[in-house]
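One structure is given below, encoded as structure tokens.
In what follows, every chain begins at residue 1, and chains take the letters A, B, ... in the order their sequences are listed.
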Amino acid sequence: MMYQIRQMWLALRGNFTAALATLTTMTLTLALLGAVSLLTLNLERTLSGLEKEVEVSAFLLESANDATLLKTVQALPQVASARIVTKGKALEQLGQDLPGILEPGSLEENPLPDSLRLTLKNPRDVQVVAAQLKALVGVESVEYGEGYVDQALSTLESVRFLGYGLVLLLLLNSLFNILSTVRVGMFARRVEIEVMRLLGARRGFIRAPYVLEGIVLGLLSSLITAALLYPAYFALTGQLRTLLPSLPLLEDRRVVLELLVGLVGLGVLVGGLGSWFAANRYLRELE
Amino acid sequence: MMYQIRQMWLALRGNFTAALATLTTMTLTLALLGAVSLLTLNLERTLSGLEKEVEVSAFLLESANDATLLKTVQALPQVASARIVTKGKALEQLGQDLPGILEPGSLEENPLPDSLRLTLKNPRDVQVVAAQLKALVGVESVEYGEGYVDQALSTLESVRFLGYGLVLLLLLNSLFNILSTVRVGMFARRVEIEVMRLLGARRGFIRAPYVLEGIVLGLLSSLITAALLYPAYFALTGQLRTLLPSLPLLEDRRVVLELLVGLVGLGVLVGGLGSWFAANRYLRELE
Amino acid sequence: MIQLRHVTLEYPGAAQAALDDINLHILKGEFVYLIGHSGAGKSSLMNLILKRETPSRGEVYLSGESLRKYRGGRVALHRRRIGMVFQDNLLLQNLSVFDNVAFALRVIGVPQREWAARVLSVLAQVGLESRQSALPRQLSLGEQQRVALARAVVSDPPLLLLDEPTGNLDPDTSGEIIRLVQSTNLRGTTVVFATHAREVVEQFRHRTLTLRRGKLVRDDPFGGYAL
Amino acid sequence: MIQLRHVTLEYPGAAQAALDDINLHILKGEFVYLIGHSGAGKSSLMNLILKRETPSRGEVYLSGESLRKYRGGRVALHRRRIGMVFQDNLLLQNLSVFDNVAFALRVIGVPQREWAARVLSVLAQVGLESRQSALPRQLSLGEQQRVALARAVVSDPPLLLLDEPTGNLDPDTSGEIIRLVQSTNLRGTTVVFATHAREVVEQFRHRTLTLRRGKLVRDDPFGGYAL
Ligand SMILES: Nc1ncnc2c1ncn2[C@@H]1O[C@H](COP(=O)(O)OP(=O)(O)OP(=O)(O)O)[C@@H](O)[C@H]1O
Ligand SMILES: Nc1ncnc2c1ncn2[C@@H]1O[C@H](COP(=O)(O)OP(=O)(O)OP(=O)(O)O)[C@@H](O)[C@H]1O
Ligand SMILES: [Mg+2]
Ligand SMILES: [Mg+2]
């Protein structure tokens, strides 16, 4: 074992630039992976918050039968909950929103209509439900933030999608770097490796220093990543919290730590498996 | 020259994994650099839009002398423009914002005060000006979106800062990769290189294939980047435009193209200089 | 010990077979010279026995077993029973002289505490005791060749393959080397010795095989250098 | 042509000087053997002349000029006037035999259209015309050594340094090689020939320098192999 570790050390030193290149690439990759994962976790919270808030309002005609409409709407399969807001309630609400301007009783006539307020089981059904509502007798108009809600949803989805796409590319890139580092190491020592084979050394014996090298590189880069990401994340959320206090940020230190531990595990795995695979392949190639 | 190109080709092939690793790393780096640059260009536009919109409102007491105050305020060096909004104007405005609820003349008494509205030469002075206003006789209260404006400014600044930091790291990473690729190539051929030196070949002759290799890698990766970034950017802005029509997006195709051409230039430069530097260094090292 | 039956070796893309229908039997404990012009096929024959190459046709047997079916770990085991000096030396460049020789003991699993005594004794026999901590590139080529020989004999292998082990040695030094090989042979090791050194073949007489353009043209039990 | 004055070469970390106070004068057009035991310093002497090494003390002169002050491009120019066979061959592994030999012409700037004729003629002289498109690793070691010789002589250099050029050649082939070297010598090339081959030194008599442990112990104008 000591021999293998010494050999690994020699390989690392003899091949320092390549190792450094791999280290920086892997660190950047893992850092971005970590950042995207954290972003996704936060997006998911925002998204589910947003989804809960999607409310469809149907404004009713004076002539409408509120109770019947409520029943009809509650019977729709996509609807989670529905309630009536009378025009009196609506005016009261507006008065609270504009204190000092709309005092209770300051208006001679209430210009607001009654309305039905629905929440949906799945916010993606919003357009279907809106169309159904509009077709009901007694409904004057339907409002749900128009294009805004579905656009926001699809944008968030595509940001997440892009993020994972980027991470996938970066992981591939890291893998290429590891393959390359190992291959380079073995290529530079191809004569030595052939000699060892000719002297009767087993593949596993020859492979060991390279696999060790990969594991060490993976471990190092993921540790560096974790050490950078942890304080950076909490500094950022700290700042964001004061700026946008309504954002449902992930600030549970245990969850973040677990994620970073996973990252370290991934780094070691990618480093170890990558170099094992590469060493195996190039050993065969050299024969 | 033909000989050098053939040698470069051999080096690329013999060293394919390392070249591929460099290619993917450089492509990702340049893509991120391009993305951050585009983001920055857009942020700058949003930022300057935002800065123009920073408006400070000072609400005045009934007893205040509006005209004198206006003059005092206009004399302040940080102020770009100032105007008085009378309480009548303010109510009219509110009425327009809430049609059907606040009809003209529906209120017996106007609860709104007169106010001074200022824009600043440099929005970063907002707190100083606010404090000065508050100290004036006749001013009841001052409003400027409180924490929001300066927080938004500093957040945008730090996003931009982070972006360039990331790009710097990535550029360093690309450089390491190039150094590594060249070094690997030369290390693998160290015996050949020594033989060529012993036969009397000049350094430039030995260096040429590696420098060519670096240039080709830089060119390839920056072309791939440009080919990916151009359609991706316009797809994204297209989607954003419908989502947030108020965002002042950069959609001038010429500006974007110029940026991408710059990117290609940078790729070739980093590739060429990096490999020239590396080849030189390792040639010396091998001797 | 070694038997070749109708062995032909054609390198891919080569116009002529490097070895052409060789039949040969080398007994346990024998000392056999292999001579022939440059390019006659001596190294190719060695490489077949080491299973560095596999014959295009025919079979190579070691102790009655065909090498053809050996794979992976089995090849490694096979090679551990052979001590070889390659024509181009092939030392491990990043290991010291001592470690290069000790490597042969490491591979066959000799416990580490026995290494020092065995390695130093064989280094003394090739006259390089004082250079034990030098790296190969700090040695003259003749010295490297002697390290390679030390590595081949240190593990007392049942079979010794020597491919031109004195090509870079002066007559005095190569005489010492051959005496070392002969004493190993007397302890029971089978030796196959490819060489161009007429003096050696003439002076230390042993069974001599002569190759010409890939064909075994002469098998002289009493030796002598005649191409 | 070549002059060494009080030249001492100590490798860093080595206990003993590889060359010790050597004084030597080789005239233009001479043919000089360099003999000595393994490790005596023959290759080191060659390396000094090639400026692969720089002497610790003393000066090496070529045509009256000290090599010490040569740097960068000047060293390259110096080496272009020397044809050398290295003891360990050192061919360019990714070039064919033809391209390896042609490389010597490329370096000295011979126009490309002259290459084919000159390369093929010298390959024929070393008996490897038919292998011109093979890669070095597809050759036997003796064949590689002949390619190295072809590369050294193809450019008709003023100085030829041969370090054990027949170590992997049988007596017949090495005789042909030496005849080729001698004919080059007769066309005016100065030759320094390091060898262990007693037969060669005895058969083709020339001035012989003998090194022993880094010291020049004998300079015999009429030749003969005596260590
Ligand atoms: N990998 C290869 N591919 C094609 N031909 C090869 C290869 N290796 C050897 N040869 C050819 O096979 C023939 C025999 O080669 P081998 O190395 O066995 O000769 P040898 O007797 O050892 O010669 P030497 O005394 O010069 O070492 C030679 O003509 C050589 O060119
Ligand atoms: N780079 C080096 N570092 C330290 N010592 C060296 C180095 N190169 C050679 N030596 C030592 O210098 C001495 C002379 O070496 P040199 O290669 O000149 O011998 P040589 O006469 O060519 O021997 P051979 O006939 O074996 O080739 C040897 O003892 C060798 O070990
Ligand atoms: Mg051979
Ligand atoms: Mg030597």
CZ of D:Arg213: more than 12 outside heavy atoms within 6.0 angstrom? no

Chain C contact via D:Arg131 - side chain, backbone, both or neither, heavy atoms under 4.5 Å: neither

For D:Ser38, is it the side chain, the backbone, both, or neither that has a heavy atom closer than 4.5 Å to a heavy atom of chain C? both

Nearest-0.5 Å distance that lies between atom CG in D:Asp170 and atom OH in C:Tyr225: 5.5 Å

From D:Asp172 CG over to C:His196 NE2, what is the distance, rounded to the nearest 0.5 angstrom? 10.5 Å

Heavy atoms only, distances under 4.5 angstrom: which of C:Ser130, C:Ser174, C:Pro171, C:Ser140 has the most pairs with chain D? Name it, please. C:Pro171

For chain D, which candidate among C:Arg198, C:Gln144, C:Gln138 shows the most heavy-atom pairs at distances under 4.5 Å? C:Arg198

Can you see which heavy atom on D:Gln87 is nearest to which on C:Asn168, and at what distance? NE2-OD1, 3.2 Å

Distance-minimising heavy-atom pair for C:Leu141 and D:Asp88: CD2-N, 4.2 Å

